[in-house]
Protein chains: 2
Amino acid sequence: MAATIRDVARVAGVGLGTVSRVLNNSPLVSAATRQRVLAVMAELRYNPSQIARNFALGKTLTVATIAPFFTRPSVVERLRGIEATLTASGYHLVVFNVEAVERRDECLREAVRNDRADGLLLVSLAPRPDEAVALREAHLPVVLIDTCAEGLPGVSIDDVAGGHLATSHLIALGHRRIAFIGDPETDPLTFNFTSSRDRMLGYQQALAAAKLPLNPAYERHGLHGRYEARVLARELLHLPEPPTAIFAASDTQAMGVLEAARDLHLPVPEALAVVGFDDIDIAEYLGLTTVRQPLFESGARAVELLFLLLSGAAPPPAERLPVELVVRRTSMKNR
Amino acid sequence: MAATIRDVARVAGVGLGTVSRVLNNSPLVSAATRQRVLAVMAELRYNPSQIARNFALGKTLTVATIAPFFTRPSVVERLRGIEATLTASGYHLVVFNVEAVERRDECLREAVRNDRADGLLLVSLAPRPDEAVALREAHLPVVLIDTCAEGLPGVSIDDVAGGHLATSHLIALGHRRIAFIGDPETDPLTFNFTSSRDRMLGYQQALAAAKLPLNPAYERHGLHGRYEARVLARELLHLPEPPTAIFAASDTQAMGVLEAARDLHLPVPEALAVVGFDDIDIAEYLGLTTVRQPLFESGARAVELLFLLLSGAAPPPAERLPVELVVRRTSMKNR
DNA sequence: CTGTTAGCGCTTTCAT
DNA sequence: ATGAAAGCGCTAACAG
């Protein structure tokens with residue numbers, strides 16, 4: 001049905017190799033023949049079969065990305081960065097959205113078993129040691145985003161510094177009773193995923209640096225989500241000595257905190273200051289003070305690292321992107 | 001390096017075909033040989049090459065999705081539905097995010113030229129007539145989501161009914177001066193993309209049905225976005241006779257309206273009622289009254305239709321999913 | 001039931 | 001500079 005390279009060769013009266021060479025812009029073909037071949041291609045409406053080419057080359061020009069929770073705005077923003085960079089180089093992006101542990105494991109296993117992608121991007125997901133081994137054995141290049149793992153290239157941020165930034169901002173505002181709301185301390189889905197934990201670490205360090213007491217009752221953990229954070233915040237605010245400020249490990253969770261404040265008719269920032277993390281799109285709308293991290297860029301940069309790997313370079317070291325405090329209404333000076 | 005089907009055949013002492021049959025769970029192989037082959041496969045750590053299989057089969061087990069604006073929560077939700085359904089059937093999802101007209105055209109052209117996907121899903125994007133022809137000629141099955149086009153299968157909603165629903169709700173609440181904010185009336189990116197226009201049509205019909213005057217000054221159009229809608233809403237609210245209610249063609253735009261109300265210190269819903277469209281995740285948080293449409297399901301259903309096409313069935317007719325009014329704080333009874 | 005053979009469409013030697 | 005030929009790893013007839 002569709003014309004093949006063979007048809008082109010026959011009609012143009014040249015050999016198979018020559019057509020292939022024209023296809024690949026090889027300099028080893030005279031201008032005259034090239035013109036003729038090109039003409040025949042146009043005449044026959046010839047389309048090179050990508051799939052045959054992939055097969056012959058042993059490459060797919062495709063990169064797979066596994067990410068938990070498409071729905072999180074921060075993840076979507078990273079994906080945008082990935083897609084833009086990949087597409088600009090003619091690569092395709094196939095995505096996997098994992099919302100349960102079994103799927104996480106299965107996706108990773110599939111990615112290794114199949115040769116349907118030349119490389120793998122892992123968002124907020126670190127391979128377990130055994131998975132890392134399998135990846136290496138399959139010669140499947142991987143770049144991590146938003147996590148780190150021994151010996152694997154990745155792009156992340158300094159979450160400890162970010163947590164420190166948020167907390168010392170609140171301290172500078174005069175707050176003394178500052179609480180933290182973050183993800184569960186261990187989560188099988190995001191194995192080894194330390195961003196919430198590190199942000200808490202930064203929070204603790206900032207408190208310590210200001211000689212403020214660490215109150216375990218002020219540290220709450222729950223599933224990443226507005227609703228869960230709202231419940232936790234309500235608990236905090238019902239404490240005999242409630243916090244005057246809450247640092248949430250993500251903007252989504254900060255939104256839950258704002259809801260809780262609204263539930264209890266606590267004016268923000270007067271009665272409660274709130275700081276989030278990520279600076280997702282909606283943060284500006286909410287007037288939410290937050291720690292901004294370069295989400296789009298993290299995806300773009302990860303793709304660049306993957307290309308390096310694909311070109312045969314040695315695994316580059318993990319990179320850190322900068323964070324920045326963005327002060328908005330929810331943490332204005334009020335004391 | 002990696003074991004091939006040939007190695008397995010040799011070691012197991014069987015023919016190539018037998019191994020292939022085992023691979024494909026053909027019943028035409030005795031339990032005994034199957035066991036033996038399976039054992040050798042395990043021993044050799046054999047992984048069938050998907051890419052070779054794709055080549056031989058002339059299929060990619062991949063579906064491409066082109067969508068404008070990843071960032072829109074409604075689009076993300078549809079993608080979730082697509083991914084879940086596709087992955088459940090062993091298909092891969094490759095995504096293209098188009099944010100400019102040129103990219104839109106290029107992606108579509110590429111999708112037709114390449115054979116890197118077995119089918120195509122178009123979100124909020126209708127092919128131009130010439131593109132539709134090219135699609136057909138390339139035998140590339142397409143399903144539309146959130147749009148309609150002559151003779152192409154798709155899943156959408158009744159936007160006119162949705163607009164009517166929203167508007168008559170406001171009318172029932174006692175509103176007489178109701179404005180509309182929607183997307184530009186023509187947009188080269190989303191060619192033929194009529195959802196905003198149809199919602200306005202429903203709005204107009206509801207007004208007419210209630211014998212309310214159609215005031216052209218109450219119909220505003222701007223780029224889909226919070227900021228743009230905020231500007232438009234501010235204009236509306238500065239009119240000599242400002243509307244007491246605004247129906248926005250999307251929740252995102254409704255958020256802009258809420259911002260404008262806040263800017264002008266207009267209490268919602270007392271001084272201004274607001275209704276959006278889509279019922280994205282954040283709508284509940286905002287207490288936004290809106291018209292809910294099944295976003296996840298639209299993606300899932302589109303994949304099912306595509307599978308039908310892929311299995312050689314005749315193009316099914318376009319489908320409509322139901323819409324539903326969700327009343328929340330921004331449109332409580334107040335007059 | 002099973003082995004053999006002929007491609008799928010392209011890239012890539014290797015001669016010429 | 002160009003043609004011929006040998007695969008890439010698998011599927012799918014085709015004989016047995």
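It should be emphasised that the depicted structure is a prediction, and the values quoted were computed from it without experimental measurement. Numbered from 1 within each chain, the chains take letters A, B, ... in sequence-line order.
Side chain of B/Leu28, nearest nucleotide from C/dT2, D/dC8, D/dA1: C/dT2. Checking D/dT2, C/dT2, D/dC10 against the side-chain heavy atoms of A/Val29 singles out D/dT2 as nearest.
Ion pairing between a basic and an acidic side chain is recognised when a charged N comes within 4.0 Å of a carboxylate O; B/Glu110 and B/Arg113 show such pairing. Classification of A/Arg109 and A/Glu106 as a salt-bridged pair fails, no side-chain N sitting under 4.0 Å from a carboxylate O.
Among the protein residues, A/Leu57 comes within range of the sugar-phosphate backbone only, with heavy atoms under 4.0 Å from sugar or phosphate atoms but none that close to a base. The residue A/Gly17 sits close to a base: some heavy atom pair falls under 4.0 Å. Within the 4.0 angstrom heavy-atom criterion, only backbone atoms of the sugar-phosphate kind lie near A/Val14; the bases stay farther away. At a threshold of 4.0 angstrom between heavy atoms, the contacts of B/Leu16 include nucleobase atoms, whether or not backbone atoms are also involved. When heavy atoms are screened at a 4.0 angstrom cut-off, A/Thr4 is found touching the sugar-phosphate backbone but no base atom. Contacts of A/Asn54 with the nucleic acid, taken as non-hydrogen atoms under 4.0 Å apart, are absent.
Using cut-offs of 30° and 60° on the angle between ring planes, the pair B/Phe96 and A/His92 is perpendicular.
Residue whose closest nucleotide on DNA chain C sits further toward the 5' end, between A/Pro48 and B/Gly13: B/Gly13.
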Decide yes or no on side-chain hydrogen bond (donor to acceptor under 3.5 Å, both in side chains) for A/Asn54 and A/Thr60, but give the supporting numbers first. CA-CA 5 Å; A/Asn54 288 345; A/Thr60 59; over 6 Å; no
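Residues B/Thr194 and B/Thr147 form no side-chain contact, since every pair of their non-hydrogen atoms from C-beta on lies 4.5 Å or further apart.
Bending across the helix from C/dC1-D/dG16 to C/dT16-D/dA1, expressed as the angle between its end axes from five pairs apiece, amounts to 40° (10° rounding).
Between B/Arg53 and the phosphate of D/dT11, there is a side-chain N or O to OP1/OP2 separation shorter than 4.0 Å. Applying the 4.0 Å criterion to OP1 and OP2 of D/dA1, one finds that A/Arg21 has every side-chain N and O outside that range. A/Thr33 has a side-chain polar atom (N or O) that falls below the 4.0 Å cut-off from OP1 or OP2 of D/dT2. Contact annotation: A/Ser30 side-chain N/O to D/dT2 OP1/OP2 distance is under 4.0 Å. Remark: A/Thr18 is in phosphate contact with D/dG3, judged by side-chain N or O atoms under 4.0 Å from OP1 or OP2. At C/dT12, none of the side-chain N or O atoms of A/Ser20 fall inside 4.0 Å of OP1 or OP2 (strictly under the cut-off).
Side-chain atoms of B/Ser26 come within 3.5 Å of backbone atoms of B/Leu28 as a donor-acceptor pair (strictly under, hydrogens ignored).
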